[in-house]
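Below is one structure, written out as structure tokens; the observations come after it.
Convention: sequence-line order gives letters A, B, ...; per-chain numbering from 1. Values in this document were obtained by computation on a predicted structure and should not be read as measured data.
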Amino acid sequence: MTRAYYVTTPIYYINGDPHIGHAYTTIVADVLARTARTRGDAFFLTGTDEHGQKVADAASAAGLSPQEWCDRLIPKWQNLFARFDISYDDFIRTTQLRHELVVQRVFERLRETGDVYLGKYEGWYCSNDETFWLESKLVNGRCPNPECGREVQWLSEDDWFFRLSKYRDRLLQHFLDNPHWVRPRSAYNEMVAMLREGLEDFSISRSSFDWGVPIPGGGGVIYVWFDALLNYISAIDWSRDDPRFHRYWPASVQLIGKEIMRFHTLVWPAVLWALGEEAPKLVFAHGWITLDGQKIGKSLGNAIDPFELIERFGSDGVRYFLLREGHFGSDFSYSEAKIAQRYNDELANDLGNLFRRTLSMLERYRNSLVPQPGDSVFPERFAELPSRVQELIADLRFRDALEAIWELVTALNRAIDERKPWELYKAGDVRALDALLYDLCEGLRWLAVMLAPFLPERTAIMWRQLGLESGLHDDWRETLVWGGLAADTQTSLGDALFPRLELA
RNA sequence: GGCUCGGUAGCUCAGCGGUAGAGCGGGGGACUCAUAAGCCCUAGGUCGUAGGUUCAAAUCCUACCCGAGUCACCA
């Protein structure tokens, strides 16, 4: 029996509204989960990171308690994911009791084993930036932040530390033994370089504010990062002998943004090892969506409202663009013109129009009934396509997967133009016409199945118009056999699948 | 400044040792089932610069130039 598939997104820090970057990561995870489910058990986790000073600050600025603040924001996030047809199996919030209990249990356990110990956290502290600075970073003994430059003070407090340094050699060995466990390659290289420089223990407690998981026995709260990482195992009931935990852990893929690589590829495996658990199989750091090459961010004032995008291009239109435009892992540039062009050229013109012209001819020539299959080159020509696409998706090469699927789109459009069904009809060549129409319908059935993880909303419509009921999400190895579509299936011509956008 | 990645046709990128590729845009053509969509033909670019290795280099090495990211307790 194959192991269950487990995919996670980062839990999103809820100090504001969701933006397109959050949607991006989550959509990618959704494609992986939907694809994996066609083959067996899969679990898809996302959620929100709700502790820490920034949330506390944002809440107090709004005149709310941190918990109230989070509770008010949560619907926005969950609504966004609903609008994008995100099929998560669980949505964890770090303020949930089930999570906090695991965090405390982990803390206690590591305190017992000595991987968490009490030490002194000392350094030059800038109260304006709320940051500790290394002596070597100070500029003339003042805060090195060019926008600050204030005086710093020497602070010393007792903190709990995680013994990260102890795992440095094992981490390096793990990287060398598993050259593909962190992707893309650039991320892997960065982290290896960092490991070679060495690691220091780091503080995992905070006493200057109290919005976090209380340290068992008192003494402040647990540092939000230490708390946050544990969501990946608290959601699946971490404990040494829980069968549910062991069905899913270690995770198959953990998606992250490249800014949090250190925590996920150095700290996280070390914590897991300290608990006697395995590191995740793969951590994948994706790139940024840029706007004309510029990083997107609220502070830059160019944040994109994902709800507006859905309004214009539909959930599937946005999903398609995000997965098709760049190679997953690299940055890629977003613009209104680019997404509109892909939508029109590929979804409306290539796919949507193919679907419509096929059903239209079927209605005109065959009363919308799928004819008998005849001689066909398609079975042989595309026999390997589903497994190829499946592999590309599993390898997180979404762009290549969509390009591969488009080979079938193009082939079907070409077949229509080359064999001219309207002439076959006029000539009364029933056999040739039926054979072609059958291939077109069957090809579209294949397209619906292979595109279902990418375009869950529109492929469901395709499926219905093709006269099919169940089976859209079945195992490709069984359902994608050419000839699977039954003759005499009643199809129905509907509205345009992807209505063409009139561009200014 | 250290480290990482990138600099290939107008644009976005693939190729990563063996006589330069794709998509889009641009140009031309034949059709009509279709969302005036689709199909066919058409791209001659010092592969950042300068050296080096090799029978042979976008493809390996060195230096340099340009761009991006990152350098640890905000997440």
Side-chain angles (χ1 to χ4, degrees), chain A residues 10-16 49 51-55 57 121 123 129-134 137 159 161-162 164 184-194 196-206 223-228 257-263 266-267 285 287-288 290 293-295 324-327 329-333 335 337-338 341-342 344-365 399-400 403 406 409-410 412-425 433 436-437 440 493 495-502:
Chain A
I11 47 174
Y12 303 112
Y13 200 62
I14 190 168
N15 62 347
D49 184 8
H51 289 132
Q53 183 142 31
K54 295 233 167 179
V55 167
D57 290 348
Y121 190 21
D129 290 358
E130 291 163 356
T131 303
F132 278 92
W133 297 104
L134 289 173
K137 297 271 183 186
D159 270 350
F161 281 78
F162 175 68
L164 182 62
R185 191 71 193 178
S186 53
Y188 173 92
N189 290 343
E190 279 278 349
M191 292 302 107
V192 169
M194 197 161 286
R196 293 197 191 282
E197 284 171 26
L199 294 176
E200 290 173 20
D201 294 350
F202 77 106
S203 153
I204 59 168
S205 62
R206 290 290 181 276
Y223 175 47
V224 63
W225 256 114
F226 193 78
D227 160 5
K258 59 188 177 185
E259 78 283 9
I260 54 177
M261 279 188 317
R262 185 193 344 280
F263 288 100
L266 304 182
V267 176
W288 305 122
T290 62
Q294 271 219 320
K295 191 177 167 180
R324 176 59 234 270
E325 180 66 13
H327 284 89
S330 308
D331 291 355
F332 66 94
S333 171
S335 77
K338 279 182 179 175
Q341 185 172 356
R342 283 216 184 273
N344 271 350
D345 289 355
E346 293 164 19
L347 293 178
N349 295 351
D350 291 346
L351 176 63
N353 185 52
L354 167 66
F355 187 59
R356 194 136 207 282
R357 67 199 295 214
T358 296
L359 291 187
S360 168
M361 286 189 283
L362 202 61
E363 182 180 71
R364 181 184 298 230
Y365 303 140
R399 178 189 176 136
D400 295 337
E403 278 187 353
W406 242 250
V409 173
T410 301
L412 294 173
N413 269 324
R414 185 177 294 148
I416 295 174
D417 285 279
E418 282 176 353
R419 300 174 64 187
K420 302 180 176 44
W422 48 94
E423 286 184 5
L424 296 175
Y425 178 73
L433 180 60
L436 174 61
L437 290 176
L440 294 175
L493 179 63
D495 293 334
L497 210 51
F498 297 97
R500 200 178 153 74
L501 299 167
E502 292 311 323

Given B:rC39, B:rG25, B:rC33, which nucleotide is nearest the side-chain atoms of A:M361?
-> B:rC33
Indicate, with a heavy-atom threshold strictly under 4.0 Å, whether A:S203 touches base, sugar-phosphate, or nothing.
-> base
Sequence neighbours excluded, which residues qualify as side chain to side chain contact (heavy atoms under 4.5 Å, CB included) partners of A:Y13?
-> A:N15, A:D49, A:K54, A:V55, A:V224
The side chain to side chain contact (heavy atoms under 4.5 Å, CB included) partners of A:D159 (sequence neighbours excluded) come to A:Y121, A:E157, A:F161, A:S203, A:S205
Touch class at under 4.0 angstrom, heavy-atom based, for A:R356 against every strand present = base
Across the strands shown, which category fits A:F355 at heavy-atom distances under 4.0 angstrom: base, sugar-phosphate, nothing?
-> nothing
What nucleotide among B:rC33, B:rG38, B:rA75 has an atom nearest to a side-chain atom of A:S360?
-> B:rC33
Taking B:rA34, B:rA72, B:rG25 as options, the one with an atom nearest any side-chain atom of A:R357 is B:rA34
Could you check whether A:F202 and the base of B:rC73 form a stacked pair, meaning centres closer than 5.5 Å and planes differing by less than 30°?
-> no
Going 5' to 3' along nucleotides 2-7 of chain B, which nucleotides have protein heavy atoms under 4.0 Å from the base (write B), which only from the sugar-phosphate (write S), and which from neither (write -)?
-> -SBS--
Write out a two-atom table: protein N or O, nucleotide N or O from nucleotides 27-29 of chain B, distance below 3.5 Å.
none

For A:Y425, which residues count as a ring-ring contact (aromatic ring centres under 6.0 Å, His included) partner, sequence neighbours excluded?
-> A:Y365
With sequence neighbours excluded, residues passing side chain to side chain donor-acceptor pair (under 3.5 Å) with A:E403 | A:R324
Listed nucleotide nearest any side-chain atom of A:R364, set B:rC31, B:rC71, B:rC33 | B:rC33
Is the base of B:rA43 syn or anti, where syn means the angle lies within 90° of 0?
-> anti
Using the P atom as the reference point in each nucleotide, state the distance between B:rA20 and B:rA36 in Å, no decimals.
-> 42 Å
Which part of the nucleic acid, if any, lies within reach of A:N344 when heavy atoms closer than 4.0 Å are counted: base, sugar-phosphate only, or nothing?
-> nothing
Name the nucleic acid region contacted by A:L359, choosing base, sugar-phosphate or nothing; use a 4.0 angstrom heavy-atom cut-off, strictly under.
-> nothing
Nearest-Å distance, CD (A:E423) to C1' (B:rC31)?
-> 9 Å
Of the listed B:rA72, B:rC74, B:rG69, the closest approach to the A:K258 side chain comes from B:rG69
Side chain to side chain donor-acceptor pair (under 3.5 Å) against A:N353, all qualifying residues, sequence neighbours excluded | none
Sequence-distant partners of A:K338, side chain to side chain contact (heavy atoms under 4.5 Å, CB included), two or more places apart | A:F321, A:E325, A:S333, A:S335
Confirm from the modelled atom types if A:N349 and B:rG38 form a donor-acceptor pair under 3.5 Å, side chain to base only.
-> no
Of the listed nucleotides B:rA75, B:rG25, B:rC31, the one nearest the side chain of A:Q341 | B:rG25
Show each protein N/O and nucleotides 11-16 of chain B N/O combination with a separation under 3.5 Å, one pair to a line.
none

Ranking B:rG38, B:rC33, B:rA75 by distance to the side chain of A:W422, first place goes to B:rC33
Of all residues at least two apart in sequence or in a different chain, which pass the side chain to side chain contact (heavy atoms under 4.5 Å, CB included) check with A:M191?
-> A:F175, A:M194, A:M261, A:T265, A:L266
Only counting residues at least two apart or in another chain, list the ones meeting side chain to side chain donor-acceptor pair (under 3.5 Å) with A:E363.
-> none
Dot-bracket for RNA chain B: what is it, with Watson-Crick or G-U pairs under 3.5 Å, [ ] where a pair crosses earlier ones, and | for a pair to another strand?
-> ((((((((.[[[[.)..(..]]]].((((.........)))).....[[[[[..)....]]]]])))))))....
